[in-house]
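Chain A is the first sequence line, chain B the second, and so forth, proteins listed ahead of strands; every chain is numbered from 1. Predicted model only: the values in this text are computed from it and were never measured.
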Amino acid sequence: MIQAILVFNNHGKPRLVRFYQRFPEEIQQQIIRETFHLVLKRDDNICNFLEGGSLIGGSDYKLIYRHYATLYFVFCVDSSESELGILDLIQVFVETLDKCFENVCELDLIFHMDKVHYILQEVVMGGMVLETNMNEIVAQIEAQNRLEKSEGGLSAAPARAVSAVKNINLPEMPRNINIGDLNIKVPNLSQFV
Amino acid sequence: MSDIVEKTLTALPGLFLQNQSVSGPAAAKASFSSRLGGLVRGITALTSKHEEEKLIQQELNNLKATVSAPTTTLKMMKECMVRLIYCEMLGYDASFGYIHAIKLAQQGNLLEKRVGYLAVSLFLHESHELLLLLVNTVVKDLQSTNLVEVCMALTIVSQIFPREMIPAVLPLIEDKLQHSKEIIRRKAVLALYKFYLIAPNQVQHIHIKFRKALCDRDVGVMAASLHIYLRMIKENSSAYKDLTGSFVTILKQVVGGKLPVDFNYHSVPAPWLQIQLLRILGLLGKDDQRTSELMYDVLDESLRRAELNHNVTYAILFECVHTVYSVYPKSELLEKAAKCIGRFVLSPKINLKYLGLKALTYVIQQDPTLALQHQMTIIECLDHPDPIIKREVLGEYSYLLDKETPEEVITKLYKLLRSDSISSETKAWIIAAVTKLTPQAHSSNIVERLIQEFTTSLDTCLRQHAFELKHLHENVKFMKGLLPVDKSCEDMVVDASLSFLDGFVAEELSQGAAPYKPHHQRQEEKLSQGKVLSFEPYGLSFSSSGFSGRQSPAGISLGSDISGNSTETGLKETNSLKLEGIKKLWGKEGYLPKKESKTGDETEALPVPQENIIMENVDQIITKNDQSQALTQSKEEKEKQLLASSLFVGLGSESTISLLGKADTLSHKFRRKSKVKETKSGQTTTAENVTRSSFSSSSNVTYEEDYYLDNFQDRGDKEIKKFSLNSELLDSESLTELPLIEKISNCRLSTPSLFAVNNMEVFHPPQSTAASVANEISLASSLLEETTEHMHSDLMEVCHNETISVSSYKIWKDECLLMVWSVFNKSASELKSANLEIAPAENFKITEQPGCCLPVIEAESTRNFQYSVQMEKPFTEGNLSGFINYQVMDTHSVQLEFSVNLSLLDFIRPLKISTEDFGKLWLSFANDVKQNVKMSESQAALPSTLKALQQELRLHVVDIIGNEGLLACQLLPSIPCLLHFRVHGDMLALWFRSSCSTLPDYLLYQCQKIIFHYRLLQDIEYNSLWYTLRKLRPREVKY
C-alpha cells in the first residue's frame, strides 16, 4: 500500500502532497522536510530506493523516488509494493501528467494543483494502485474535462463576459504580451483551464 | 523523459501573462487563475520564510472573510477552496474552510462538488467529526445516475470515510459491484478493500463478492481485487489455498499474452498484475509442497519469458525470483532463478544491483552454493559508492559462512581489510561483518591480529569497530548471546557516539596522551600570535582572486594592509603583524602611494572606489561613516536600479517595483537578524558574522570606509565617532571586548557588512569601552570589570518576581567559564540575607568567587554573584541550576529557582599555535573524524566560511594555505582539537583531530550547523535573484 505521495521541487517546496494515512498537520510538514533532506543528499547515480524516514513507519516502509529536472516525485510505500513496480508507476504518473498538460512542468503542478490531484486519483485510489494504463487514465480525465466544458459553456458565459471587460482596463497588465505565444498556448488552455 | 519538467520555470513569465491576458473561452477561469497566480507569484518573489508566513496569513485572512461572506457564490467558493488547498499544502492552518469544503461538496454542481470532495479528502481525517456531515451527500451521490458523481463518491469513500458510518453506504457499494461500467466496479472493489482495512469485520459477509470480482470479465476489476487477496492471504494463507489454481491460470494467461494489447506496458503484458500475482503465489506456496507444485510451471515460464528489454521486466523477474525462493524449493527452478540474479548484480544500473543483492540474500538462505558464482561480484560491490549497497553486501558475507567455514571468510575479509584499494568506510563495514562472524569461528588468531592492527588505526570509525570487536571478543559468552548465529544477518545497531570509549580516552589522557602545555608556554604562544595571524591574509587575498566580487573587496584591502605593514617593519610579508605597525602606517596618508606600488602585484588591481576613499581626509570619513548605513543602502539601490534598467527593459514599472521591494527585504532581513542577535543569550560572539558574509556584496563600500577609518584615526577620533554612532548598535556590540591580539584578527576577519559599525568596536581600547559602557543604563552597572577583558554573553534574565530580577551572563575567560548572576533589587526596600546557591552538577566543578556576596541588597541596586565553572567530564549539554533566597524587611524568606544552560561550546577556546606546532600536534592525535559538507556553488569560499566558524565557535585560524585552512581550538582545561578544512569544488572536506574522542564529533556537528546556516542564507539570496532573472526570461516558444 502507498502511504504517501510527495512531490517537491529542488528547494523542498511542496508541489503535491497526498497522504493516504492520516498524520497531524505538523508531522506532515516534518515528513516532507525530512524526506526532502534524505532525497536531496543522494546523487543521481545511486539507487532510487531509501529506507523510510523515522517518521513514516519503520523498517517496513521505503521511499521510492525519481528526480525529474526540478521536481522530486517520492512515493512512500510499505513492503507489499514492488520497488521497481513503483518506480515505473511514478513514470506512468509523470507521463500521464505530460500527456494531460502537454509538456508538463513545475508550473502546471502549481497552477493546476486540483487537476493534478484528479489525475492522481485515477492512478492511485486510497493508497491502492487503481490504474496503470496511461491511455485509460487519460480517457478518464478527458471524460471529466468534457463535462467541465459543457458546464462551463452554459453557465459561465456571463461571468466570462464580465471578466473580459474587467481585463481590458487592468492597469497592471503587462505591456509586452507576446501574441505569438498566446496563439500557441490557447488550445492547451481551453483543454484544461 | 527528463526533459519533461525541464522547462519548468522558464515558462514562468509566460504563464503569468497568459493567466492575466487570456480572453475568450478561458476568460472565466482566468480571473481565478490570476488570483492563485498572484498568490504563487507573491510567494516565489519572497526571500524568507517569515515573509511567506506573513503573505499566507494575509491570504488566509482574505479567504476567511470571503468564504464566510453570505454573498460568496459556490463558484467563488470553488476558487477559494483551491487556494486553501494550496495554503494547507504549504503547512498553514486552513481549518476555517473545512466546513465550507463540505458545503461545497454537498451543494455544488459537478465541478464544484469535485473540488469540494478533493478539499475534504485533503483536509479531514477519518475520525474528524465534520465528516459525518458528508455521509448523506455520499449516499446521495452513490445513488446518482451520473457516472462522474458515482465515481467521485467512490473515490472519497476509498480515501476517507468514518468507520462507524460504513453500514450506511455498504449495500450501495456492494450493488456497484454489479454495475455495468467497468470503472465503477473497479472503484467499488477498492472502496470495499478500504473498508476491509479499517473495519474488517464489517465486510466479512461479502467475501463471496470478492471472489466474484476476481472472476470479473474485466481485467481491471480483477486486478483491483488482487489487492484484497494479497492482503487477506498475507494474514491467513491457508484459507485461500483453493484459489491457487485460479491465480496460476490468470498468471498463465497474462504471461502467455492473452490479454488485450491495451494492457501492455512497454510491450510487457500487464506487469503490475504479474507482480501482484507472483507475490500472491509466493505467499500461498510457502512451506506447502502441494500448492507449490501447482505453480512451478508458470514460474518457469515467467523466468523464461522475461526478456530484459525494460526496467519493468526486471521488476517481474525480481518478483519471480523472490517467489521461487519463497515457495517450496525445486532445485531446477532455484538454479534458473540464481542465474537470473546474475543479470541484476552485474547490471550497471544501480537500482538493479541493489535488488540483485537483495535477491541474493534469498538465494543464500536457501542454498549458498548457488550464490558462489556471484561471489566476485559481491566483493566488487564492496567498494560501491552507494552505502546502501555496501551494507547489503556485507549482510551477504555473513550468509556465506554456511558454505565456507567462518575462519575462511574472516581470512578473506581480513585480506580485504589490508588492501589499500578500499575506502575506510568500507573497511568499517567489513570489521562489522567480522564482528558478526567471530562468535561462530573457532580459532581466532586472525581476529586477534585484526584487533591488534586496527585498534591503533588512525581512522576513528575503524578503531571504534575494532574496539567493539575487542571487547566482545574478550567475553565470548556475552558475544554469542549478543550475536546469535541465526540472527547474524540482521543489521547491527552501531553505537555511533563512541560513548563507551570515553573512559578509555580519559584514561589515556590522564596518562599523558595529550601534550600538556604549561601556562607560560601558552602565554608565549599568544605573544607570538602576530606570526600566526599574518598567514591569513594570503588566504583572504587568495579568495579575492579565486572567487567572485562578493568577497574580493575584503580580501584585497586586507592583503594590502598586510603587505603595507611588511614594508614598514622591514620583514618579509608574514612574520610580524603588530598593532603599532598598522597604526604608524595607516596613521599617515603619506604612506599610501607607497603601499599601492608595493602591493599591486600581490593583491591584484584595487578597485577604484577604494582608492578614492583612501584619499579622502579623516574628517570627511567621520561624517561619512555616520551616514554609512544610509549611504550603502542608497548605493546598493542605485546599483540595483542600474542593473534593473538594463535587465528589465520592456517590463516597465511593475518589475521596478518588485526590485525595489527586494531591496527593502534585504534591509529588513538585516534588521531582523541584528535583533535576533541582541536577544540571543548564549553567544555574543557575533552570530551575525554569518549574515555579514552573505550580504557582503552589497556593502563593500561601507566596509572599506570603515576599515580605513579605523586605521587612519587615532584613539581620540574613534572616541568621537563612537559616540556619534547609533546607540542601538552599541547595545549589542560595545561590550564585546577582546584581548588585544584578538582585536586585530577579529577586525580583519569580520566580513564587510551593512552594519559595519560593529567591526569598529573591537578596536576600542579598554578605557573607551568602559566609557561607552558607562553610557549604557542598566546593563553597564551590572557588568563586572572582567567583562571588559573577555568575551561574554548577553545579559539574560533567568528568573524574577516583583521584588528582584536575576539575570545571568557568561564570561568566557581564558582558563574557565565565569558565570555571573546579577541580582537586581527592584523594590524600594533593602533585601536581607540574600543568598544565591548553585546546585552541584555532576559534570562541572563550580567554585564561588570570593568577595561578591554581601547579604544585604539595597533598594534598587544590583549584586553580582560569580562562579567559575570548570568542566570535569566532556558533555554536550548541561544545566546549572540554583536558587536565590532573601528576606524583605524581616518578613518571611522568599526563594526563587533558576537554571542556565551550558554547552560544550562554552568551554571551547581558541588554541593559538603556529603552523609548525599544528603539524606536530596533528600527527600526535589519533582520534579523527572526516566529513564532507556541500557548500552552495556560488559561495565555496574558504576564508569566509572560516571566519564564520572562528567567530561562532571561538576557533583560532592557524593558517590558510591555498584551498586548505587550519584551525585549532582547545576544550578547557587543555584538550586540544585541530581542524583541517579543504575546499574542492563545492565540497568542503572537514577533518578533525583531537586527543579526545568526543570533541571532534561535537565540533563537526557545530561546524555543520554553522555552515548549513551560512549556506542557507546564501541560498536565500541566490534564489531571490534567480527568481527575478527567471521572470525576465522570455518564454520558450515551441513549434
Open item on the list: If I measure from the heavy atoms of chain B, does A:E83 come under 4.5 Å with its side chain, its backbone, both, or neither?
Closed with: side chain
Open item on the list: Just verifying a value: how many Å separate A:M1 CE and B:H227 NE2, rounded to the nearest 0.5 Å?
Closed with: 10.0 Å
TODO: Write down the atom of A:R15, the atom of B:Y86, and the distance for their closest heavy-atom approach.
DONE: NH1-OH, 3.8 Å
Open item on the list: Can you confirm whether B:K78 sits close enough to A:D114 that some side-chain heavy atom of one is under 4.5 Å from a side-chain heavy atom of the other?
Closed with: no
Task: Stepwise salt bridge (Lys or Arg N to Asp or Glu O under 4.0 Å) check, A:E122 with B:K187 - done: CA-CA 10 Å; A:E122 296 302 320; B:K187 286 190 174 177; 3.2 Å; yes
TODO: Taking all non-hydrogen atoms of both residues into account, name the closest pair between A:M125 and B:T155 and its distance.
DONE: CE-CA, 4.1 Å
Open item on the list: Looking at chain B, which one of A:R66, A:M134, A:E81 has the largest number of heavy-atom pairs inside 4.5 Å, strictly under?
Closed with: A:E81
Open item on the list: To the nearest 0.5 Å, what is the distance between CG on B:L197 and CE on A:M128?
Closed with: 6.0 Å
Task: Atom group of B:Q274 that falls short of 4.5 Å from chain A, counting heavy atoms - done: neither
Task: Value rounded to 0.5 Å, distance of CD1 in B:I275 from CG in A:L84 - done: 7.5 Å
TODO: Mind listing the closest non-hydrogen atom pair of B:W272 and A:G85 along with its distance?
DONE: NE1-O, 2.9 Å
TODO: List the atom of B:L90, the atom of A:P14, and the distance in Å for their closest heavy-atom pair.
DONE: CD2-CG, 4.0 Å
TODO: Please state whether the side chain, the backbone, both or neither of B:V148 comes within less than 4.5 Å of a heavy atom of chain A.
DONE: side chain
TODO: Could you tell me the separation between the CG atom of B:N311 and the CG atom of A:D88, rounded to the nearest 0.5 Å?
DONE: 4.5 Å
Task: Side-chain donor-acceptor pair present, A:N133, B:D262, cut-off under 3.5 Å - done: no
Open item on the list: Under 4.5 Å from any heavy atom of chain B, what part of A:L87 do you find: side chain, backbone, both or neither?
Closed with: side chain
Open item on the list: For B:H125, which atoms come within 4.5 Å of any heavy atom of chain A: side chain, backbone, both, or neither?
Closed with: both
Open item on the list: Can a side-chain donor-acceptor contact be found between A:R22 and B:S127 if the only test is distance below 3.5 angstrom?
Closed with: no
TODO: Among B:E319, B:K349, B:E126, B:Q159, single out the residue with the greatest number of heavy-atom pairs under 4.5 Å to chain A.
DONE: B:Q159
Task: pair B:V115-A:Y118: side-chain heavy atoms closer than 4.5 Å - done: yes
Open item on the list: Between A:R18 and B:S121, does the side-chain hydrogen bond (donor to acceptor under 3.5 Å, both in side chains) criterion hold? Intermediate values first, please.
Closed with: CA-CA 9 Å; A:R18 171 54 101 179; B:S121 77; 2.9 Å; yes
Task: Residue part contacting chain A, namely of B:L352, when any heavy atom lies under 4.5 Å - done: side chain
Task: Student check: side-chain heavy atoms of B:Q276 and A:S82 closer than 4.5 Å - done: no
- [ ] Drop me the distance from B:C151's SG to A:Q144's CD, to the nearest 0.5 angstrom.
- [x] 7.5 Å
- [ ] Below 4.5 Å from any heavy atom of chain A, which atoms of B:L273 appear? Answer side chain, backbone, both or neither.
- [x] neither
TODO: Against chain A, label B:I183 side chain, backbone, both or neither, depending on which of its atoms sit under 4.5 Å from a heavy atom there.
DONE: side chain
TODO: Any chance you could measure A:E25, atom CD, to B:E88, atom CD, to the nearest 0.5 Å?
DONE: 4.5 Å
Open item on the list: Whether the side chain of A:Q29 engages the backbone of B:M89 through a donor-acceptor N/O pair (distance < 3.5 Å, no angle test) should be reported.
Closed with: yes
Open item on the list: Using side-chain contact (heavy atoms from CB on, under 4.5 Å), reason through A:E136 and B:E182 one step at a time and then give a plain yes or no.
Closed with: CA-CA 11 Å; A:E136 197 63 33; B:E182 170 259 326; 4.1 Å; yes
- [ ] State, yes or no, whether a side-chain contact exists between B:Y265 and A:T132 at a heavy-atom distance under 4.5 Å.
- [x] no
Task: Which portion of B:F123 sits near chain A, non-hydrogen atoms under 4.5 angstrom - done: backbone
Open item on the list: For chain A, which candidate among B:R186, B:K194, B:M81 shows the most heavy-atom pairs at distances under 4.5 Å?
Closed with: B:R186
Task: Between B:L122, B:L154, B:I85, the one whose heavy-atom pairs under 4.5 Å with chain A are most numerous - done: B:L122
